[in-house]
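Values reported hereafter were calculated over all heavy atoms of this structure, with side chains retained and with hydrogens, waters and symmetry mates removed.
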Protein chains: 2
Amino acid sequence: MNPIQKQDTEIQNELYAKFFHGLSNPTRFRIVEILLDGEKTVSELVDMLSVTQGQVSNHLACLKWCGYVSSKQDGKYVIYRMTDERVRTIVQLAKEMVSDNAAHISQCTRM
Amino acid sequence: MNPIQKQDTEIQNELYAKFFHGLSNPTRFRIVEILLDGEKTVSELVDMLSVTQGQVSNHLACLKWCGYVSSKQDGKYVIYRMTDERVRTIVQLAKEMVSDNAAHISQCTRM
DNA sequence: ATCATATATTTAGATATATAAATATATGTA
DNA sequence: TACATATATTTATATATCTAAATATATGAT
């Protein structure tokens with residue numbers, strides 16, 4: 001593998017890592033779960049999430065850039081929804097794995 | 001939903017988030033990719049990864065606690081391998097999604 | 001135009017994570 | 001036992017991320 005290809009691979013890995021980073025925060029994960037159940041406005045999410053509106057908007061921006069969600073203006077509201085059904089499968093598989101490994105994960109202190 | 005149930009949900013979300021955190025680092029993601037192709041010793045991974053041996057061991061410890069990999073001693077070597085085939089599907093779906101959204105993700109500066 | 005509400009962005013400070021180096025432990029071999 | 005190699009752990013530091021608050025922008029209503 002030549003240096004240029006190696007660099008490409010590293011850039012790709014950073015993209016994949018960044019993608020998973022989208023789901024690596026409890027609030028963002030919860031937002032994804034909620035939106036998998038149906039579209040919501042920012043206000044509705046704020047009501048459901050016990051975090052500030054600013055945080056919700058920031059998390060949504062993160063999820064949007066990562067391709068998880070998309071948004072549309074609806075009057076003075078902005079409605080967010082899942083962009084891609086593949087996320088449903090990813091989340092479902094992860095939940096299954098976690099429930100099989102919950103004891104271990106809860107003890108994870110590294111990194 | 002009563003407070004106790006709510007707390008359970010939050011703990012669950014933290015577990016799921018921690019699980020995805022396992023894949024949210026380029027080196028760890030690369031390790032998972034390599035191990036999906038077959039088991040490897042720590043030394044072999046160090047040779048493939050241009051990071052220090054200490055880092056590789058730490059990343060492996062993280063992946064192990066999160067349930068991605070398991071290890072077995074083999075003489076003075078320790079062999080790591082994927083624990084769960086469901087990871088293969090998760091990684092594959094993520095790659096597909098990323099390739100459909102690469103332009104967006106690379107621009108993501110938030111969080 | 002002014003105001004109220006919804007959403008987005010920015011800022012500073014706190015916390016978590018990553019990195020590299022040093023050190024410790026464990027296994028096999030002479 | 002002493003030594004070499006493989007792996008794990010710890011430490012200090014750098015970097016990234018999260019949180020909360022403040023502020024900015026955008027939309028609809030009066």
Side-chain angles (χ1 to χ4, degrees), chain A residues 10 13-31 34-35 39-66 69-81 105-111, chain B residues 10 13-31 34-35 39-66 69-81 105-111:
Chain A
E10 280 168 12
N13 284 339
E14 280 168 22
L15 276 181
Y16 298 139
K18 196 168 268 194
F19 176 82
F20 282 114
H21 177 73
L23 297 173
S24 74
N25 171 279
T27 301
R28 284 196 299 273
F29 183 84
R30 181 78 186 116
I31 290 173
I34 291 170
L35 295 183
E39 60 184 26
K40 293 278 181 296
T41 68
V42 178
S43 308
E44 289 171 328
L45 289 170
V46 171
D47 289 343
M48 299 170 85
L49 284 171
S50 66
V51 293
T52 66
Q53 176 271 316
Q55 276 182 80
V56 171
S57 284
N58 271 323
H59 284 311
L60 286 167
C62 176
L63 289 170
K64 190 175 182 178
W65 282 119
C66 286
V69 306
S70 56
S71 64
K72 62 180 177 191
Q73 190 92 29
D74 179 36
K76 63 179 175 178
Y77 296 91
V78 176
I79 300 175
Y80 281 82
R81 61 169 175 151
I105 296 171
S106 61
Q107 293 173 53
C108 179
T109 57
R110 309 248 186 138
M111 267 153 233
Chain B
E10 280 169 12
N13 284 338
E14 281 168 23
L15 276 182
Y16 299 139
K18 196 168 271 196
F19 176 82
F20 282 113
H21 177 73
L23 296 174
S24 74
N25 170 280
T27 300
R28 284 196 299 273
F29 183 84
R30 181 76 187 117
I31 289 173
I34 291 170
L35 295 183
E39 62 184 24
K40 293 277 182 296
T41 68
V42 178
S43 307
E44 287 171 330
L45 289 170
V46 171
D47 289 344
M48 298 170 87
L49 285 171
S50 65
V51 293
T52 66
Q53 176 269 318
Q55 275 182 82
V56 172
S57 284
N58 270 323
H59 284 310
L60 285 168
C62 177
L63 290 170
K64 191 175 181 178
W65 283 118
C66 285
V69 306
S70 55
S71 64
K72 62 180 176 191
Q73 189 91 29
D74 179 37
K76 62 180 176 178
Y77 296 92
V78 176
I79 300 176
Y80 281 82
R81 61 170 175 152
I105 296 173
S106 60
Q107 293 173 54
C108 179
T109 57
R110 310 252 186 136
M111 269 154 230

If you check every side-chain atom of A/Y80, which of C/dA8, D/dT7, D/dT19 has the closest atom?
C/dA8
Identify which nucleotide among C/dA8, D/dT7, C/dA18 has an atom closest to any side-chain atom of B/H21, counting heavy atoms from C-beta outward.
C/dA18
On DNA chain D, nearest-nucleotide positions of A/G75 versus B/I79: which is more 5'?
B/I79
Rounded distance in Å - NZ (B/K64) to C1' (D/dT7)
11 Å
Does A/D74 or B/G54 map to a spot on DNA chain D nearer the 5' end, using the closest nucleotide for each?
B/G54
Where the side chain of B/K76 is defined as all heavy atoms beyond and including C-beta, which of D/dT5, D/dT27, C/dA18 is the nearest nucleotide?
D/dT5
Considering only side-chain heavy atoms of B/Y77, which listed nucleotide, D/dT7, D/dA20, C/dA20, is closest?
D/dT7
Hey, are the side chains of B/V42 and B/S57 touching, using non-hydrogen atoms and a 4.5 Å cut-off?
yes
Rounded to whole Å, the CG-C1' distance (B/N25 to C/dA16) equals 13 Å
Side-chain contact test, heavy atoms from C-beta onward, threshold under 4.5 Å: evaluate it for B/K64 versus B/S71 and give yes or no.
yes
Can you figure out which of C/dA20, D/dA6, D/dA8 approaches the side chain of B/Q55 most closely?
C/dA20
Nearest-angstrom distance from the residue atom CG of A/L49 to C1' of D/dC18
15 Å
Indicate the ring-plane relationship of B/F29 and A/Y16, choosing parallel, tilted or perpendicular according to the 30° and 60° boundaries.
tilted
Heavy atoms from C-beta onward define the side chain here; which of D/dT19, D/dT27, D/dT17 lies closest to that of A/Q73?
D/dT27
Check the distance between C/dT11's P and A/N58's CG and give it to me in whole angstrom.
12 Å
Taking the side chain of A/S57 as heavy atoms from C-beta outward, which of D/dT27, C/dG28, C/dA8 is closest to it?
C/dA8
Measuring from the side chain of B/Q53 (C-beta onward, heavy atoms only), which nucleotide among C/dT27, D/dT7, C/dA8 has the closest atom?
D/dT7
Whole-Å distance between D/dA16 C1' and A/K18 NZ?
11 Å
Taking any heavy-atom pair under 4.0 Å as a contact, classify A/T41: base, sugar-phosphate, or nothing.
sugar-phosphate
Heavy-atom distance under 4.5 Å between the side chains of A/R81 and A/K40, does that happen here?
no
